[in-house]
Amino acid sequence: MTVLVRGTQLARLLGQWHALPGRRRNPDYLALASSVRGLLADGRLALGVRLPAERELAEALRVSRTTVTAAYRELRESGHLNSRRGAGSWTMLPGGHRVASSGLWTPQDDLDMIDLGCAALSAPPQLVPAARAAAEDLPRYLGGAGYHPTGIVELREAVARNYTERGLPTSAEQIMVTSGTQHALDLVLRLALPTGGSVLVESPTYPNALAALAARRARIATHGLAPGGSGWDAELLLSAVRQSRPRLAYLIPEFQNPTGHLMSAELRERVVAAAHAGGTDLVVDESFVDLPLDGTPVPPPTAVFDRHSRVISIGGMSKPYWGGLRIGWVRASAPQVQRLAAARVGVDMASPVLDQLVAVRLLAEAETIVAARRTQLAAQRDALVAAVRASLPDWQVVVPNGGVTLWAELDGPISSALSRAAEEVGVRLAPGPRFGLDGTLERFLRLPFTLPAAELVEAVHRIATVRYDLDRAPTHPHRRQPAVIA
Ligand SMILES: Cc1ncc(COP(=O)(O)O)c(C=O)c1O
C-alpha cells in the first residue's frame, strides 16, 4: 500500500527550507529540491511514499506552483522522484539503490566516506582469538537443541558477576541474554509498556530508542538535557516523573548518548524514589558504563537504589567490545526475566550459542580489553576536540569524561543543512534533530570519537570547509546515502 504524504505534512517536515542561514540567493525550486533530498538522506522522509500533488504542496508552502513543478523536475533528474503521468510521484533513490519493504536502506560500500553517523568502535584484536576459542567450547552445547531463551548459563553468570562487582548483587536468574541492547529495549517495552503508554525520555536521546518507542505507539514526553553542566536538571526531572507519572521512563545515566553526561549517585537515588512513588518503571540503558575516561569514577548502578523491582537495566557488548557480536542483556527480577523469555519465544526464540560463547571469552579478558578501549577513546576524543576547536572555533564543545560522543553546539541552527553538505565532501553525520522528537536540536551535532584520530581530524577539516558555504550547488548529488545510526 502506498503511503501518501499530505502537503501540510511535508511542509512541516521541510520546516525553514527557504531560510537556511548562509543560503545564497539560489532559486527557490533548487532549495526546495535540496531540502527534500535532505529529508530523504536523514530518513525523515521515507522511500516509496507518494508526494503531494504540486498544487497541494504549493498551497501548503505558500509558493507558486511553478516552483514546486521545477523542484519535482529537479528531483526526477537527480533520481529522487519517480513520476507517472496521472498517478503521482514517489520518493526513490538514485543509482539503483534498493529499499527493502521495511524501509531500510541498502547503502553501497563507499570507501571514501568517513562515517560519523555510527558511534561504535571497530572490533578489538582479541576478537578473532576469542571466536576461535569459542568454537572449541561449542561441542559442550551440541548435544542439546541449542535454544536458550534466557541465554547460556555461563554468560548469564559472567554478566551477573559484573553487576555484583559494581555493587549490585545479582544472580544468573536475573539476567537474560539478548541480541544486543536494542533487542533488550524492544523486549522490555513489549513487557512493560502497553501500546500507547506514556514514556519519559531525555532530549536529546538515542534515536533507535525513539524508534522502539514509536513501534509501541508510545506517547512520549521529554526531559531536556542542558548541553553543559551536569546535564539533567534534578528538580525538573523529578517533577516530570512525579507530576506526569509516565508508565515508563527511559534514561541513559552513564555517558549519555549523545551528550556524554554522567548522572550523579544522588540523582539516581532520587529518580528511583520518585519513580516508585508515581508507579513509573525505569528502564536504564547502561550501554556506556564500561567507558569512563580520565579515571572518572562511575556512581553505583541505578538499580542499587531500587527496592521494588521498578528498575530494569539493559546493557551489552556493543560499545566496549564490538557491535557485530549482537550480544546484550537485561537485568531484572527473576520473575520478570521469565516473562521476558516467554515474550521472546514469539520473536526470535534465543540468541546464537556461538556468539554467546565468544562473549564469555571476551568478558574473561574484560580488564585488558576495556583498558585499551579507554586509552584509545581518550586519545581520539582529544584529537577530535582539538580539531574542532582549531577549525570551528565558534562551536561549543563540552569535553565528556566518558562514552564515545561529543555533543557540539553549533554557531546556528544548521545541523541538517551541514549534514547534507558534509555528505557531499565524504563525511556522514547524524544531525541534531535525529536525537529529538520534533525537528528541533538544529543547533547541535553529535560527533563520535570512535574512528582513528587521523580520520576524525580529516572529517573535521572537511566539515569546516563546507560550514561556511552550506548552500553551494551539490557536486555529487548522487552520493547521499542514509545509513545506520548507532
Ligand atoms: C544508548 C544506546 N542504547 C542501545 C544501543 C544499541 O546497542 P546494541 O548494538 O547493543 O543493540 C546504542 C548503540 O549506539 C546506544 O547508544
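Residues: numbered from 1 along the sequence shown. Read the numbers this way: they start at 1 and go in the same order the structure lists the ligands and their atoms. What you are looking at is a predicted structure, and each value in this text was computed from that prediction instead of being measured.
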Only one of Leu377, Leu384, Val385 clears side-chain contact (heavy atoms from CB on, under 4.5 Å) with Arg381; which?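 Going through the options one by one, the only one that passes is Val385.
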Does an N or O anywhere in Ser287 fall below 3.5 Å from an N or O of ligand 1?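 Among all N and O atoms of Ser287, at least one is under 3.5 Å from an N or O of ligand 1.
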Looking at [X] and [Y], does any basic side-chain N land under 4.0 Å from a carboxylate oxygen?
X	Y	answer
Arg361	Asp137	yes
Arg161	Glu165	no
Glu254	Arg268	yes

Which ligand 1 atoms are under 4.0 Å away from a heavy-atom of [X]?
X	answer
Phe288	1 (C), 16 (O)
Arg326	8 (P), 9 (O), 11 (O)
Gly180	10 (O), 11 (O)
Lys319	12 (C), 13 (C), 14 (O)
Ile252	1 (C)

Among all protein non-hydrogen atoms, which one is nearest to [atom], and what is the separation to 0.1 Å?
atom	result
atom 8 (P) of ligand 1	Ser318 OG, 3.3 Å
atom 16 (O) of ligand 1	Asn257 ND2, 2.7 Å
atom 1 (C) of ligand 1	Asp285 OD2, 3.3 Å

Just verifying a value: how many Å separate Asp281 CG and Tyr250 OH, rounded to the nearest 0.5 Å?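 Going from the CG atom of Asp281 to the OH atom of Tyr250 covers 15.5 Å.
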Is the backbone N or O of Thr405 less than 3.5 Å from a side-chain atom of Arg446, with the two atoms forming a donor-acceptor pair by type?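 Such a contact is absent between Arg446 side chain and Thr405 backbone.
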Winner among Tyr321, Trp329, Phe255, Tyr206 once heavy atoms are compared against atom 5 (C) of ligand 1: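 The option holding the nearest heavy atom is Tyr206.
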Can you check side chain to side chain donor-acceptor pair (under 3.5 Å) on Gln336 and Ser333, steps first, answer last? CA-CA 5 Å; Gln336 282 170 323; Ser333 69; 3.1 Å; yes
